[in-house]
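Letters A, B, ... mirror the listed sequences (proteins, then strands); counts begin at 1. Atoms considered below: every heavy atom in the structure, side chains included; atoms not considered: hydrogens, waters and symmetry mates.
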Amino acid sequence: MTFAQTSDTLTKIVEIQHLTKRFGKFTAVDTLDLTINKGEIYGLLGPNGSGKTTIIKMLCGLLRPNAGTIKILGQSFPCKSIMNQVGYMPQDTAIYLDNTVHENLLFFGGIYGMTKENLEKKEQEMLEFVNLQNWRDSLVSTLSGGMRHRLSLACALIHEPNLVFLDEPTIGVDPELRATFWGYFESLVKKGITVIITTHYMDEADHCSRVGLLRQGCLIADGRPCVLKKNAGVGSLEDVFLLLAGRKKS
Amino acid sequence: MKLRRTLAFSRRALLQFRHDRRTFAFILVMPLLMILIFGYTFGGDVKDIAIEVVVNDTGIPAGISPVLPNGLFLAQKITDHFNTDTFFIHTNTNSVNAQHIVHEGKAWSAIIFPANFTENFLTTITTQDMSLSPKIEIYIDGSNPTIAATVIKEITQSVQLTLKGLESLNISQIETPISIEQVYTYGGGDTRFIDYFAPGVICFAIMMVTTMITIILFVNERRNGTLQRLLASPASESEIVVGYALAFAVIGVIQSIVVLIAAILLFDISIVGNIFLALIVILLLAFGHQGLGILLSAGAKNELQAIQFVPLILFPSILLAGLFWPIESIPSYLQPLSYIIPLRYGIDAERSIMLRGWGIGEIWIDIVVLVLFALLTLSASVLLLKRKN
């Protein structure tokens with residue numbers, strides 16, 4: 001049962017067809033079909049092991065699918081040339097602890113081919129965006145977990161990508177910072193950036209313009225959170241998931 | 001101190017090895033391997049030293065001299081005493097050619113017996129005129145003091161044994177009936193162990209530091225997730241590998257300059273050749289071992305497992321690359337293994353540059369091997385990153 005909200009008039013940023021990924025006999029993602037449009041915050045929701053990270057890794061070119069096709073920004077994937085327009089924040093903070101905040105931003109901006117002038121401008125903007133202006137020259141190893149998360153996000157955004165993959169960005173993050181993060185993500189969408197986010201916190205999904213509920217590698221629902229809840233006749237996405245998971249099981 | 005609490009720490013540490021059998025095997029096997037390798041390779045006598053022997057001596061046939069009624073072929077007698085374990089003898093008929101072979105580094109020494117060697121010996125013992133004593137001319141590559149000393153010692157012993165066999169000639173009162181003239185092709189005879197040792201230590205330091213830092217760096221890149229982040233960026237695998245290779249090459253050069261300056265100032269080591277060529281060799285060695293480090297890092301999940309690669313790199317290099325003792329002193333059945341150790345070529349090139357003053361024309365084989373090693377390991381590293389990707 002899916003509640004797809006698709007429109008050909010919208011610009012398709014990500015087009016996935018029959019995507020399958022197996023690890024030995026275990027099928028992590030099972031014939032996934034999905035289209036994500038420009039300017040959406042698309043949430044991939046599901047419990048641990050439902051295939052969220054595997055999908056993100058295939059979309060970033062870190063894993064090769066066993067079957068199916070991926071098109072990102074109109075180009076068949078994997079394709080290194082379009083990675084300039086893509087930002088990726090992995091589940092681990094994945095930043096260099098033995099470098100300063102400034103050095104990390106400089107490095108990640110550099111590998112995305114940013115010029116020195118542009119980098120200086122964007123660095124200041126990013127530091128303000130994630131509120132790390134006062135820690136510019138601090139070693140990352142001396143920062144708190146929350147600050148490292150914010151820096152990791154800044155590193156994913158510094159090159160002004162059109163599409164951002166955020167893999168469980170709020171895992172292990174305190175409620176206050178989670179709220180701040182969602183504020184960041186919503187401001188990104190206002191700039192026209194498409195955000196694809198994975199989470200297993202069902203309550204966070206209300207921030208998304210569209211969500212896909214995943215269970216055991218299958219997409220069991222896809223649509224706007226309010227529509228999903230309305231159609232299922234329940235008050236929360238958690239209930240939608242439990243209801244659909246129960247049906248799937250039966 | 002509570003015993004129970006203390007033992008809890010011990011128990012936890014020991015239980016850890018139950019889940020990391022590789023580390024446990026390492027703990028058991030490593031000391032055994034060390035004693036075996038050191039036992040078989042360390043402290044052996046230098047063997048199979050390549051030498052050129054030129055015997056121009058015509059000897060004295062029987063019946064010519066009343067002093068030597070049975071005749072004498074003194075040069076032959078001396079060479080018969082050469083220990084064939086110590087020397088790998090090639091007989092040459094041309095003195096100039098024999099010296100040239102030493103000059104090219106294809107033999108350690110040329111031992112030349114002049115045409116009138118036995119005749120001069122006879123004149124010396126009959127006239128007691130030491131100025132006429134026969135001379136064994138030794139052209140020797142002094143760049144390796146251990147080998148040079150072994151050559152001289154072996155020749156001196158052979159002369160003494162020969163003279164002992166001629167006691168009937170009553171030569172004991174003659175101080176030096178046979179003299180040995182040493183001409184050093186390289187090293188000038190005053191090469192100290194530190195001169196010989198320094199180029200090897202520089203190469204060894206570069207190899208160890210580059211390999212280990214690269215292993216640990218890439219293990220951390222994997223563990224921290226930064227490598228995945230890089231692979232999801234526009235950066236290609238080759239850009240990542242070459243980028244790091246350049247960084248470690250810079251570190252390698254700085255390290256070499258520091259070691260060289262220290263060796264020159266503190267130990268007054270001699271450097272005959274082109275220092276820039278020596279640095280290029282170090283760079284090549286650093287590039288190759290950086291690639292090796294990336295490859296090995298794929299086999300380690302954490303720093304503890306990464307450290308286990310140390311003996312894997314350390315022992316073959318110390319024992320088989322000619323770092324402390326000449327390759328000629330390693331048992332002959334182990335010597336072929338030294339050809340697959342890149343450090344051997346680095347050390348050989350550095351010593352040839354610093355002690356012999358050789359240039360690319362002479363060390364090109366070492367350079368080619370090091371370039372191939374660097375290309376092979378760095379290309380394999382790129383492929384490994386792509387495969388993991």
Gap separating the [atom1] atom of [X] from the [atom2] atom of [Y], nearest 0.5 angstrom:
X	Y	atom1	atom2	answer
Ser233(B)	Tyr88(A)	OG	OH	11.5 Å
Thr226(B)	Phe107(A)	OG1	CZ	8.0 Å
Asn220(B)	Leu97(A)	CG	CG	8.5 Å
Leu230(B)	Leu62(A)	CG	CG	10.0 Å
Arg222(B)	Asp92(A)	CZ	CG	14.0 Å
Glu237(B)	Lys80(A)	CD	NZ	5.5 Å

Taking atom [atom1] of [X] as the centre, does the number of heavy atoms from other residues, nucleotides or ligands within less than 6.0 Å exceed 12?
X	atom1	value
Phe23(A)	CZ	yes
Leu139(A)	CG	yes
Gln17(A)	CD	no

Problem set entry | Largest heavy-atom contact set with chain B, pairs under 4.5 Å, which of Ser152(A), Cys79(A), Ser81(A), Ala156(A) |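 Going by pairs under 4.5 Å, I would pick Ser152(A).
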Problem set entry | Top of Pro90(A), Cys60(A), Gly113(A) for chain B proximity - count of heavy-atom pairs under 4.5 angstrom | Pro90(A)
Seminar exercise, completed: Nearest heavy-atom contact between Glu221(B) and Tyr96(A) is OE1-OH, 2.8 Å
For this session: Could you look at Phe165(A) and say if it's the side chain, the backbone, both or neither that has a heavy atom under 4.5 Å from chain B?
Result: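 No part of Phe165(A) comes within 4.5 Å of chain B.
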For this session: Run the numbers on Arg229(B) and Ile95(A) for side-chain contact (heavy atoms from CB on, under 4.5 Å), then give the verdict.
Result: CA-CA 9 Å; Arg229(B) 195 168 199 159; Ile95(A) 43 177; 3.9 Å; yes
Problem set entry | Contact listing (chain B partner; residues 114-123 of chain A; heavy atom under 4.5 Å) |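 The residues closer than 4.5 Å to chain B amount to none at all.
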